[in-house]
Amino acid sequence: MAYHPLSVDLVAGYLRSTPVWRRPLGESSDLEVSDLADGNVNLVYRVRAPAVGTSVIVKQALPYARSVGESFPMPLSRSRLEFRILQVERRLARAHVPRVYHYDGGMHVLVMEDLRHHRVLRGELLRQADLPALGRHMGRFLASTLFFTSDLAMDPGEKKRWVKRFLNPHLCRVTEDLVFTEPFVDHPHNHWNPLIDDVVVAIRRDRRLQAEIADLKWRFMSRAEALIHGDLHTGSIMVTADDTRVIDPEFGFYGPMGFDVGALLGNLALAYLAQPGHAPSAESAREYRAWIAETMCVIWQEFAERFTAYWQDAGGVWPDPFCALLLRRVFEDALGFAGVKMMRRIIGLAHVADLDTIADLTIRAGVERAALHLAREWVLGRREVDGMDQVLATLRQAGRAVTADAIGRG
Ligand code: SR1
Ligand code: MG
């Protein structure tokens, strides 16, 4: 079928023409379609067969970013890469990746498992959901996807073929521009809360900070360490109380391991700082913040422990002391990437609900100032930070500034 964008009216007819129709959906003639698109980039529909009680997700790439429009072209071919990466991730971390029933390379459509009992993690963090397994699950996902796609586990020739197989130049360029470049210069894509104009000027004038951001961009562009997800923010994770699934790896490629770890930690830090803007009481904000901080710690610990265990099982050519050295490097990179990712969500093109849905601009500015201050500290100080305890100490300190600000003005 020649490519054309699907609409609510076209999805049922399209599905009936695919081999997937008879399986998860039965042969039901009656299909209900709803539009679920809420990310920046793609079309997403849920299709239900009420007669059999089953449903699927139909995700289709558009030739541009949905949230911006045709002025922001995106290659349709990203859907094929997303399909391949989902296959790899599902093989390595089956419990944490949705199943793909069908891929249509002509229509650039993925028909996938409907995680209908799951919710997007970002929203769940703002409504203070109880997610006791999140830290362990994400530590495991990170350890297995990053370790087993790296030179630590793969034949060197095969790994180099994978670097080529997963080249993703256009979407990498989007990340290079939107994360590492545009937020720090005058660019029409950028926007921010006018109450933080002075911080934006200071960030752009900070030559030391700009040099460190350039160093992180360089690492992002030149370190083919593992097949990374490439966009592991809290909108790319779906959760229930006891299940965690990672979706949307369309920005994936062979890049630095710390980029995925940092994306996750940085987005959790934003949710942490934003709590007073959303929580029903100061007390609940305090408690939920404590849980987010604990979860960040569990993610790193679980990741590092599993990574080390995989290392020991693998044996082989890499001498043991290098494992700790490599993990230390991933930690430093993660902290730096976390900082840059926090900044881009406040002063770049694509913002996050954690901050943008705080209606009181003054409270929001307090959160944003604290986040930008913390982000700068992480980017500049990443080589000196001792471990997660110290990371969390800086997070708590930033959090205290926000609490005082929010309570003082709220
Ligand atoms: C046009 S917006 C692009 C952003 O959305 C994705 O989720 C990525 O984070 C990307 O930077
Ligand atoms: Mg996405």
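Note that ligands are numbered from 1 as they come in the structure, with each ligand's atoms numbered from 1 the same way. All values below were derived from every heavy atom in this structure, side-chain atoms included, with hydrogens, water molecules and symmetry-related copies excluded. What you see is a predicted model; the values in this text were computed from it and never measured.
- No side-chain donor from either of Q60 and H108 sits under 3.5 Å from a side-chain acceptor of the other.
- Here atom 1 (C) of ligand 1 lies nearest to A65 when heavy atoms of A263, G230, A65, S236 are compared.
- Between S79 and Y103, some side-chain heavy-atom pair lies under the 4.5 Å cut-off.
- A donor and an acceptor atom, one from each side chain of D130 and W291, are nowhere located under 3.5 Å apart.
- Using a 4.0 Å cut-off to heavy atoms of L178, the atoms of ligand 1 that qualify are 3 (C), 11 (O).
- The residues E212 and R208 are annotated as not salt-bridged, no charged nitrogen and carboxylate oxygen being separated by less than 4.0 angstrom.
- In terms of protein heavy-atom proximity, atom 8 (C) of ligand 1 is nearest to D231 OD2, 3.2 Å.
- If you check which protein heavy atom lies closest to atom 4 (C) of ligand 1, you get N40 ND2, 3.7 Å.
- Of all the atoms in ligand 1, the ones that sit under 4.0 Å from a non-hydrogen atom of V68 are 1 (C).
- Side-chain atoms of Q390 and E384 include no donor-acceptor pair closer than 3.5 Å.
- Within the 4.0 Å heavy-atom criterion, the part of R345 lying near ligand 1 is the side chain and not the backbone.
- The minimum heavy-atom distance linking I85 with G252 is given by the pair CD1-CA, 3.6 Å.
- Residue H233 approaches ligand 1 through these ligand atoms, each under 4.0 Å from one of its heavy atoms: 7 (O).
- Only side-chain heavy atoms of R344 come within less than 4.0 Å of ligand 1; its backbone N, CA, C and O stay farther off.
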